[in-house]
Novice: 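I have a structure I would like to understand better, so I am pasting it below and will then ask my questions one at a time.
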Amino acid sequence: MSKFWSPFVKQLVPYVPGEQPKLTNLVKLNTNENPYGPSPLALEAMRAEINDTLRLYPDPNGDRLKQAVAAFYGVQPAQVFVGNGSDEVLAHIFHGLFQQERPLLFPDISYSFYPVYCGLYGIAFEQVPLDEAYQIDPHAYAKPNGGIIFPNPNAPTGCLVALETIEAIVQASPDSVVVVDEAYIDFGGETAIGLVDRYPNLLVTQTLSKSRSLAGLRVGLAVGHPDLIEALERVKNSFNSYPLDRIALAGATAAFEDRAWFEQTRNAVIDSREQLTMALQQRGFEVLPSGANFIFARHPERDAAEIAAQLRERSVIVRHFKQPRIAQFLRITIGTPEQNQALLDAL
Ligand code: PMP
């Protein structure tokens, strides 16, 4: 705290990301990164971009990337917004669409950045409890609101919401924006992007950090009705004209164009998830059904914080949340088969 801070800054409660340790010999299963590298074609495109043209500003609209995303999903480029990681895309959504009279609704167990953005932008919110099985109950969202947001699959549970459930939530709140945060959708779920032409209040966000293995590049996107996208462009162009640099635009575009690498690596993660789930169940863990590149697991007789601490002593790091309802769970990112075996050996 300093006397130079504004009253606004003094009351901010920032998000705390998972640890990025400086040690390199750790089996790092704590921040849901992809264990396989990015597309070789994306790496090549980025290398080619490192030249004299870096003296020039990048395309402020990211048109080529928007075209690649639009082609991938069969939508129009005017339905696509791109930003510096989906966190930035989400920030613009909170700023531009969720500052409403009524409170924003999101699950009680969900991505912990949502309440942080509410604090940053002065948005009232209400947390809607997941049911006993940690699932989203669509009926609980059918009440007056200033917007709705939830991840699908949810984080940190990994549980998927069926498209019919999403449709029911969107239909029950036709006068507010419903955002489906699909950071992990490519590991087993079906995207809601196919619904955006029918529902002008539906906005879907995605990231290249997970299934395209580009967490270090910081690229995210949103797909929805052009009116919603225009709101995000207005906020973005009032904040930073060039959130994506030349290298990021080239790499992200090539990553979207390389379907083969995308399919191969996401299927490898999905296979490993099924194997790790079975191996943990054999060791007595309860594992929630996951559609993500991580699993959420608890042991009936072992304290989760204690397991996490003991794993760390054996150079394996996983994520533990000291939060009501989930304090006995561990969130474990799916690694390579070798990393997953190291986790099992340590357990
Ligand atoms: N949404 C969810 C649910 C996440 O878990 C994350 C990753 N922390 C993000 C969005 C943001 O990802 P990124 O900013 O890397 O696109």
Side-chain angles (χ1 to χ4, degrees), residues 14-20 28-34 38 42 62 65 69 80-95 98 104 106-118 120 127 130 134 136 148-161 166 178-189 191-193 203-223 232 236 240 243-245 248-249 251-252 255-256 269 288 290-296 317-321 323 326 329-334:
Y15 175 75
V16 184
E19 182 190 357
Q20 293 294 346
K28 190 174 177 308
L29 304 177
N30 67 329
T31 47
N32 299 341
E33 287 135 333
N34 194 316
L65 174 57
V69 173
V80 180
F81 179 79
V82 293
N84 187 257
S86 58
D87 279 340
E88 186 189 75
V89 176
L90 290 168
H92 292 339
I93 291 170
F94 278 67
H95 206 174
F98 285 162
L104 176 70
F106 51 82
D108 61 338
I109 298 164
S110 193
Y111 185 28
S112 45
F113 222 134
Y114 300 157
V116 174
Y117 287 134
C118 287
L120 180 60
Q127 288 174 301
L130 297 180
Y134 301 94
I136 285 177
I148 296 172
I149 184 166
F150 55 88
N152 186 37
N154 196 7
T157 63
C159 297
L160 277 168
V161 186
I166 292 176
V178 178
V179 175
V180 184
D181 175 352
E182 293 188 347
Y184 304 101
I185 194 70
D186 296 320
F187 300 105
T191 176
I193 288 178
L203 191 61
V204 178
T205 62
Q206 291 195 356
T207 177
L208 280 79
S209 299
K210 314 295 178 180
S211 55
R212 289 183 178 79
S213 197
L214 286 167
L217 200 63
R218 312 305 302 131
V219 185
L221 58 101
V223 181
L232 302 182
K236 173 241 165 195
N240 179 1
L244 294 183
D245 58 68
L249 287 170
F256 252 92
V269 171
L288 296 189
S290 171
N293 68 337
F294 58 86
I295 50 179
F296 209 46
I317 50 176
V318 299
R319 189 106 190 244
H320 174 247
F321 297 88
Q323 251 183 56
I326 57 169
F329 280 92
L330 294 173
R331 193 195 69 189
I332 305 169
T333 303
I334 307 301

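Order of listing sets the numbers, starting from 1, for every ligand and every atom in it.
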Novice: Are any side-chain N or O atoms of Asn152 and backbone N or O atoms of Val161, one a donor and one an acceptor, separated by less than 3.5 Å?
Specialist: yes
Novice: How far apart are the C-alpha atoms of Phe94 and Phe113, what are their side-chain angles, what is the distance that settles it, and do they pass the side chain to side chain contact (heavy atoms under 4.5 Å, CB included) test?
Specialist: CA-CA 11 Å; Phe94 278 67; Phe113 222 134; over 6 Å; no
Novice: Going by side chain to side chain donor-acceptor pair (under 3.5 Å), name the residues that satisfy it together with Ser213, two or more places apart in sequence or in a different chain.
Specialist: none
Novice: Please enumerate all residues that pass side chain to side chain contact (heavy atoms under 4.5 Å, CB included) together with Asp108, with sequence neighbours excluded.
Specialist: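 Gln127, Pro129, Leu130, Arg325.
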Novice: Could you work out, with side chain to side chain contact (heavy atoms under 4.5 Å, CB included) as the rule, every residue matching Pro243, not counting sequence neighbours?
Specialist: Asn84, Glu88, Lys236, Asn240
Novice: Is the Tyr134 ring parallel, tilted or perpendicular to the Phe329 ring (thresholds 30°, 60°)?
Specialist: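 It falls in the perpendicular class, over 60°.
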Novice: Pairs under 3.5 angstrom, nitrogen or oxygen on both sides, ligand 1 versus protein: list them out, please.
Specialist:
| from | atom 1 | to | atom 2 | distance (Å) |
| --- | --- | --- | --- | --- |
| ligand 1 | 1 (N) | Asp181 | OD1 | 3.2 |
| ligand 1 | 1 (N) | Asp181 | OD2 | 2.7 |
| ligand 1 | 5 (O) | Tyr184 | OH | 2.7 |
| ligand 1 | 8 (N) | Tyr111 | OH | 3.2 |
| ligand 1 | 12 (O) | Ser86 | OG | 3.3 |
| ligand 1 | 14 (O) | Ser86 | N | 3.3 |
| ligand 1 | 14 (O) | Asp87 | N | 3.0 |
| ligand 1 | 14 (O) | Asp87 | OD2 | 3.3 |
| ligand 1 | 14 (O) | Arg218 | NH2 | 2.7 |
| ligand 1 | 15 (O) | Ser209 | OG | 2.6 |
| ligand 1 | 15 (O) | Arg218 | NH1 | 2.8 |
| ligand 1 | 16 (O) | Ser86 | N | 2.7 |
| ligand 1 | 16 (O) | Ser86 | OG | 2.7 |
| ligand 1 | 16 (O) | Thr207 | OG1 | 2.5 |

